[in-house]
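Everything quoted here is computed from the prediction, not taken from an experiment.
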Amino acid sequence: MAKIPDKPEHQRQFAGLEVGDRRAIIRSVNRGKAVDQRKLAPLAVGVARRQRKFWRVAWLLGPLVGLTSLFGDADLAVALLNSGIATAALGLMSWFWYSRARRAERLNLELAQSRRDRERGHTADADDGPSAGQRFRSHLPGGGAGKEQPRASSAGTEPGGSSRAPKGPVTTPPPGQRPYKPRGRKRR
């Protein structure tokens, strides 16, 4: 299970974020979507839970609106009508925002959980080995034996006249992965 910070820790972490990150979290929860940055997912879960808690009881403000019209010169029928309309409007609004907050909580919880699984080295299909879309690279010699690694597809020439054509099969990276870019020659 993903570690979601408790209320004081959540408030401290949320206050420590930049304004753009805070706005991104609030925007994603209000739209019922997952946040763009995986590191913000646990905080978005906390915000979604807080919104769910509020919208669960917000419809109760409707009868209070109707009761306030009794303090004026309105009779009981007008107060009941105002109360019914306000309760219905706030009930629909509460249902709408509650469902979005619930969806955002679920999506961000999954996102935070997938991060935790990735940190531990677990994958959904760990028994099957890497799928066709997964590529593993190692910075050690022979570290990626038997696994395809993305290579540069353009064959450039160095200033000395030698060609730097890629060796081995040229593969395209899976969607969402940046293409291989050589850094260039070391200065000596």
Set out, in order, the CA-CA distance, both residues' side-chain angles and the distance that settles salt bridge (Lys or Arg N to Asp or Glu O under 4.0 Å) for R12 and E9, then state yes or no. CA-CA 5 Å; R12 187 187 65 74; E9 179 66 18; 2.5 Å; yes
Is there a side-chain contact between V19 and R22 in this structure, where contact means two heavy atoms from C-beta onward sitting under 4.5 Å apart? yes
Separation between CG (N108) and CZ (R38), nearest 0.5 Å, reads 11.0 Å
Would L67 and L80 show up in the same hydrophobic cluster when neighbours are defined by side-chain heavy atoms closer than 4.5 Å? yes
For W59, all residues meeting side-chain contact (heavy atoms from CB on, under 4.5 Å), sequence neighbours excluded: T87, S94
Please determine whether side chain to side chain contact (heavy atoms under 4.5 Å, CB included) holds for the pair Q13 and L17, giving the CA-CA distance in whole Å, both sets of side-chain angles, and the decisive distance to 0.1 Å. CA-CA 7 Å; Q13 287 180 3; L17 291 175; 6.0 Å; no
Looking at every non-hydrogen atom in both residues, tell me the closest pair between P63 and S83 and how far apart they are. CA-OG, 3.3 Å
Sub-3.5 Å donor-acceptor pair from the side chain of R52 to the main-chain atoms of R102, do we have one? no
In one Ile/Leu/Val/Met/Phe/Trp/Tyr side-chain cluster, 4.5 Å: L90, F96: yes
Please report the shortest heavy-atom distance between A24 and V35, naming the atom on each side. O-CG1, 4.5 Å
Could you state whether I26 and L111 fall into the same hydrophobic cluster, counting links through intermediate Ile, Leu, Val, Met, Phe, Trp or Tyr residues with side-chain heavy atoms under 4.5 angstrom apart? yes
For A104 and G32, which heavy atoms make the closest approach, and how far apart are they? CB-CA, 3.9 Å
Could you check if a side-chain atom of V45 sits within less than 4.5 angstrom of a side-chain atom of R49, using non-hydrogen atoms only? yes
Would you say M93 and F54 are hydrophobically clustered, going by side-chain heavy atoms of ILVMFWY under 4.5 Å? yes
Got a donor-acceptor contact below 3.5 angstrom from the S99 side chain to the W95 backbone? yes
Side-chain touch L61/L64, heavy atoms, less than 4.5 angstrom: yes
Spell out, as yes or no, whether a donor-acceptor pair under 3.5 Å connects the side chain of N82 to the backbone of V65. no
Should the heavy atoms of other residues, nucleotides or ligands under 6.0 Å from CZ of R23 be counted, would the total exceed 12? no
Taking C-beta and beyond as the side chain, do V47 and R50 meet within less than 4.5 Å on heavy atoms? yes
